[in-house]
Amino acid sequence: MENKTIARTLRFLSQLMELHEENPFKIKSIANAYFKVDKLPFALKDKPINEIDQIEGIGKGLAAKIVELLQTGELKELNDIIGQTPEGVIEMLGIKGIGPKKILIIWRTLGIESIGELYYACNENRLIEAKGFGLKTQEEIKNAIEFKLAANGRFLFAQVEGYANTLFTQISEWLITIDNHSLLGFAGQYRRACEIIDELEIVIGAENIEHVQDQLTFFKPLSLIAGEEAFMTTTEAGLRVKIFVVNKSDFYLEWFKLTGNPEHAEKVLKLAGDGPFANENEIYTKAGLSFIEPELREDFDEIELAKADKLPVLITDKDLKGSLHNHSTWSDGVHTLEQMAVYCKDVLNLEYLGICDHSKTAVYAKGLNEQRVFGQHQEIDELNQKLAPFKIFKGIESDILSDGSLDYSDDVLKTFDFVVASVHSNLRMDEAKATARLLKAIENPYTTILGHPTGRLLLSRAGYPIDYKKIIDACAANQVVIEINANPLRLDLDWRWHRYALEKGVLLSINPDAHRTDGFHDTRYGVLVARKGGLSADKCLNAFSLEEISKYFDSRKR
DNA sequence: GCCGTTTTCGGCCCGACTGTTTTCAGTCG
């Protein structure tokens, strides 16, 4: 069992114990163990059992729980408490904005045991009767439920990716035994690298279409049901899977149509005429267009750009020369500054790392006060000597406070090579307030990059509303780079606004926000959405070479 | 349930903000 699973199990246990009003200090130590386990730089399963209780925050009791999990994959105490809690009440833990205390009242005082009932109660204005609940809380809960329901059956690209690749391999190996010369490809949202996936679509171009169709219902990994247009199923997790079987001769046309999006495909085919087509390239050629990458096929402005041969050369993973906005053990990261740097240098072959630990207001994340900023800078200077020509840039993720100011005085801010300014608190502002707050941060002369502009968490939290045009225009006017936070939950700035930012001359930066060496690989998701947004390497800050970005940071210094 | 011992049990305790209160509890990052 991985640390992450152990950590989640402990958090779950602590939440359930809160719902059953157990000793708050006991709960706290279990919740604390969740944080600790989540941040361990080694795998618990590789640790000798008798050393587990030596870990800080984990004593005899928790070590026993962890060992039980490692050895049996289960925890009796957890199973028991799950048995004493209605399923719907447990589900409520997934609603943003209410915690165990409020859920306890909803459950015990109001007698509500499911999310459906809770939603109904909001509509009936019944929540305000309970102590600690008012109109605003009721409205918040109602909105949060609606957001959660809308996320049902929808998944992050990154959640689907592993399953999709495994399935693809299974189908492709199976096809060799059934129809050895067939063609195969992903289509739909997945091929277009959409940030949210609610349907995984796969197309088979079969030589012997009847045979493949006959056999497909016996394909073991899925229990497929033959529908009118495709073979369908829903995975245990709730993801719909559709497999289309077409004649090999029609494959490229059908693949193109099913890749979509429908509006894009329809417009291109109107220009290209009827097939057959030998490949997708031919479709675009016959339409008088340059080839349009799947990521761009969203019926935005890509067809006009292709007509004028003005499509951007989309950025790729290989274009990235460095990684900005990452954390270390100085704040809430798992790996040390040196480990993070060496990983970038030796494993990722990057030229530079920007380290941006949390600023002092983020106490929960061990944010750096002025003295520790100075200490970190000393360590960076030493490491830069040791690792040269690789370079660590002195950055900070400075909290944007509620009034829009940054978290340090100008004297401190000027000691950084660059500053990522982001919002972490007071996330419930309306559009006018949130926009004004960001504008003030953008206008701060020390702000280099605006971090995750809306604070959204895909499928989980909407993020505060902002006036995108005002924000982007201000970034253009103040030479502030906008982050594409590459965490698959964020992907913020949204790709639908990349084009506007690029038109205004704003640079974008694909930042993994890594809290451990593994986290650097999230960059991949940032690149995918940046491609959807139409980003080319020359407009991406961390595609600059070390020399170019050094000059850039120097030019921005006050 | 963990920690740190005055070695056997008492203390443990982010801060800001919001909404619901009438002085505070719950939630968040």
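Letters A, B, ... mirror the listed sequences (proteins, then strands); counts begin at 1. The figures here come from the full heavy-atom set of this structure, side chains too, leaving out hydrogens, waters and symmetry mates.
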Distance, C1' atom - from B:dG1 to B:dT8, rounded to whole angstrom: 16 Å
task = Output yes when A:D494 and A:R496 qualify as a salt bridge under the 4.0 Å nitrogen-oxygen rule, no when they do not.
result = yes
All N/O donor-acceptor pairs, side-chain side in residues 27-42 of chain A, below 3.5 Å, sequence neighbours left out:
unit_1: A:S29; atom_1: OG; unit_2: A:K26; atom_2: O; d: 2.9
unit_1: A:Y34; atom_1: OH; unit_2: A:R11; atom_2: NH1; d: 3.3
unit_1: A:K39; atom_1: NZ; unit_2: A:D332; atom_2: O; d: 3.2

### Message
One thing to verify: whether A:E161 and A:R524 come together as a salt bridge, which I'm taking to mean a side-chain N less than 4.0 angstrom from a carboxylate O.
### Response
yes
Has A:K321 got its NZ or CZ under 6.0 Å from the middle of the six-membered ring of A:Y352, at an angle within 45 degrees of the ring axis?
no
Residues in residues 101-124 of chain A with a heavy atom under 4.0 Å of DNA chain B, by number, are A:K101, A:K102
Hey, is A:E124 close enough to A:R126 for a salt bridge, meaning N to O under 4.0 Å? yes
Answer for the Watson-Crick or wobble partner of B:dT8, both distances under 3.5 Å, is none
Contacts satisfying side-chain hydrogen bond (donor to acceptor under 3.5 Å, both in side chains) that involve residues 431-444 of chain A (not counting sequence neighbours) are none
field: Gap in Å between the two P atoms, one belonging to B:dG26 and one to B:dT21, rounded
entry: 12 Å
The residue among A:K366, A:E397, A:H327 that forms side-chain contact (heavy atoms from CB on, under 4.5 Å) with A:D357 is A:H327
Here the distance between atom C1' of B:dC28 and atom CZ of A:R11, to the nearest Å, is 13 Å
When rounded to the nearest Å, what value does the distance between C1' atoms of B:dC2 and B:dT7 take? 16 Å
Quiz item: Within 45 degrees of the axis of the six-membered ring of A:F147 and under 6.0 Å from its centre: does A:K96 put its NZ or CZ there?
Solution: no
Nearest-angstrom distance, P atom, B:dT22 to B:dC17: 23 Å
Rounded to whole Å, NE2 of A:H358 lies from P of B:dG15 at a distance of 17 Å
5' to 3', nucleotides 1-7 of chain B under a 4.0 Å protein heavy-atom cut-off (B base, S sugar-phosphate only, - none) gives BSS----
Looking at A:E77 and A:K65, is any side-chain nitrogen of the basic one under 4.0 Å from a carboxylate oxygen of the acidic one? yes
Under a 4.0 Å heavy-atom criterion, the protein footprint on nucleotides 16-23 of chain B, written with B, S and -, is -SSSSS--
Between CG of A:L401 and C1' of B:dC28 the distance, given in whole Å, is 16 Å
Exercise answer: donor-acceptor pairs, residues 45-63 of chain A side-chain atoms, under 3.5 Å, sequence neighbours excluded:
unit_1: A:D53; atom_1: OD2; unit_2: A:K60; atom_2: NZ; d: 2.6

For atom C1', what is the distance between B:dT20 and B:dA25, given to the nearest Å?
9 Å
Worksheet entry | Step-by-step ring pair (Phe, Tyr, Trp, His ring centres under 6.0 Å) determination, A:F416 to A:F393 | CA-CA 8 Å; A:F416 296 106; A:F393 285 106; over 10 Å; no
Please report the distance separating the P of B:dG4 from the corresponding atom of B:dC13, rounded so that it comes out in whole Å.
12 Å
Between B:dC12 and B:dT5, how far is it from one P atom to the other, in whole Å?
15 Å
| message | Less than 4.0 angstrom from a charged side-chain N to a carboxylate O is my criterion; do A:K360 and A:E370 meet it? | response | yes
Practice prompt. In whole angstrom, give me the gap between the C1' atoms of B:dT6 and B:dG11.
Written response: 14 Å
A:H452 NE2 to B:dC28 P, in whole Å, measures 17 Å
note: A:D399, atom CG; B:dC14, atom C1'; distance rounded to Å ~ 13 Å
